[in-house]
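Since the structure is predicted, the reported quantities are computational estimates derived from the model, not experimental observations.
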Amino acid sequence: QVQLVESGGGLVQAGGSLRLTCAASKRTIYWYAMGWFRQAPGKEREFVAALSANGDTSHYTDSVKGRFTISRDNAKNTAYLQMNSLKPEDTATYYCAAGRYLRLRVGLTDYDYWGQGTQVTVSS
């Protein structure tokens, strides 16, 4: 079992940046694809970004392309989401997830382990 803990959320003005961290424990994420999802109040959880197990392939939802970057440091058992040029519509709870695949996945049901989420609020 993989335990995931997100951190780095907070309140930021539009145009600002945040870096979310997903720290894994109990098992290495070396063989796991990693993903970030978000859920705004009253909305369904949606895909944001995903990264293959070896970090060579990434994919983003259209609304964050060019602004967000997903990365991982397998030696530290950690994944990251760098968020730049934040917009009010990026406001949501952000969740880290790990899936038992080498290739990246974009579906919620593809992921086996989830963190508790970290709140990101972007003010206009």
Side-chain angles (χ1 to χ4, degrees):
Q1 181 175 352
V2 177
Q3 185 171 354
L4 303 173
V5 178
E6 303 95 334
S7 61
L11 174 63
V12 63
Q13 289 187 334
S17 298
L18 285 173
R19 188 194 196 200
L20 304 184
T21 298
C22 175
S25 61
K26 295 191 175 181
R27 184 170 290 186
T28 177
I29 59 171
Y30 186 84
W31 302 106
Y32 289 73
M34 299 299 294
W36 287 93
F37 293 77
R38 66 187 179 186
Q39 187 168 15
K43 295 187 177 181
E44 295 185 350
R45 192 171 300 188
E46 65 174 2
F47 168 78
V48 175
L51 188 63
S52 59
N54 65 1
D56 67 346
T57 308
S58 61
H59 183 70
Y60 301 88
T61 191
D62 286 345
S63 63
V64 308
K65 284 180 180 177
R67 301 189 297 121
F68 290 13
T69 303
I70 186 173
S71 62
R72 63 192 298 157
D73 185 339
N74 286 342
K76 294 183 178 180
N77 223 27
T78 302
Y80 306 94
L81 184 68
Q82 177 67 44
M83 306 186 296
N84 299 328
S85 302
L86 283 161
K87 304 176 181 180
E89 51 263 43
D90 294 318
T91 295
T93 300
Y94 283 71
Y95 297 90
C96 170
R100 287 175 288 186
Y101 304 99
L102 296 181
R103 296 183 178 181
L104 64 85
R105 294 289 188 269
V106 299
L108 273 73
T109 58
D110 292 327
Y111 287 85
D112 303 288
Y113 304 105
W114 292 82
Q116 83 291 345
T118 185
Q119 177 67 38
V120 171
T121 303
V122 184
S123 63
S124 57

Practice task
Indicate if Tyr101 and Ile29 have the same hydrophobic cluster label, given that clusters are the connected sets of ILVMFWY residues with side-chain heavy-atom separations under 4.5 angstrom.
Solution key: no
Handout entry: Min side-chain heavy-atom separation Val2-Asp112 under 4.5 Å
Key = no
Practice task
Please work out which of the three classes, parallel, tilted or perpendicular, describes the rings of Phe37 and Phe47, given edges at 30° and 60°.
Solution key: perpendicular
Problem - side-chain contact (heavy atoms from CB on, under 4.5 Å) assessment of Tyr94 paired with Glu6 - result: CA-CA 8 Å; Tyr94 283 71; Glu6 303 95 334; over 6 Å; no
Exercise for the section: Answer yes or no: is there a donor N or O on one side and an acceptor on the other, between the side chain of Asp110 and the main chain of Arg105, under 3.5 Å? Expected result: no
Exercise for the section: Please step through side-chain contact (heavy atoms from CB on, under 4.5 Å) for the pair Phe68 and Leu86, ending with a clear verdict. Expected result: CA-CA 9 Å; Phe68 290 13; Leu86 283 161; 3.8 Å; yes
Practice task
Given side-chain contact (heavy atoms from CB on, under 4.5 Å), test Leu51 with Leu104 step by step and report yes or no.
Solution key: CA-CA 5 Å; Leu51 188 63; Leu104 64 85; 5.8 Å; no
Problem - Interatomic spacing from CZ in Arg45 to CZ in Arg38 - rounded to 0.5 Å - result: 13.0 Å
Problem - Tyr60 (side chain) donor-acceptor with Gly66 (main chain) under 3.5 angstrom - result: no
Exercise for the section: Rounded to the nearest 0.5 Å, what's the gap from CD on Glu44 to CD on Gln39? Could you check? Expected result: 8.0 Å
Exercise for the section: Over all heavy atoms of both residues, which pair between Gln116 and Leu4 is shortest? Give the atoms and the distance, please. Expected result: OE1-O, 3.7 Å
Problem - Atom pair OG (Ser58) and CE (Met34), whose distance is rounded to the nearest 0.5 Å - result: 14.0 Å
Exercise for the section: State, with a plain yes or no, whether a side-chain heavy atom of Tyr80 is found less than 4.5 Å away from one of Asp73. Expected result: yes
Completion exercise
Looking only at heavy atoms, the pair that brings Trp114 and Tyr111 closest together is NE1-O, 3.7 Å
Completion exercise
Here the pair of heavy atoms bringing Thr121 nearest to Gln119 is OG1-NE2, 3.3 Å
Exercise for the section: Using modelled atom types only, decide if a donor and an acceptor are shared between the side chain of Ser124 and the backbone of Pro88 within a distance under 3.5 Å. Expected result: no
Exercise for the section: List the atom of Val12, the atom of Leu18, and the distance in Å for their closest heavy-atom pair. Expected result: CG1-CD1, 4.0 Å
Practice task
Please round to the nearest 0.5 Å and tell me the distance separating atom OH of Tyr32 and atom CG of Asn77.
Solution key: 10.0 Å
Practice task
Could you tell me whether Lys65 and Asp62 have a side-chain N and a carboxylate O separated by less than 4.0 Å?
Solution key: yes
Fill in the blank from the handout: In short, Trp36 meets Cys22 closest at the heavy-atom pair CZ2-CB, 3.7 Å
Practice task
Supply the atom-to-atom distance Asn54 CG to Arg103 CZ, rounded to the nearest 0.5 angstrom.
Solution key: 10.5 Å
Exercise for the section: Quick one: pull up CZ in Arg67 and CG in Asp90 and give me the separation to the nearest 0.5 Å. Expected result: 4.0 Å
Exercise for the section: Search all heavy atoms of Gln1 against all heavy atoms of Lys26 and return the closest pair with its distance. Expected result: O-CB, 3.4 Å
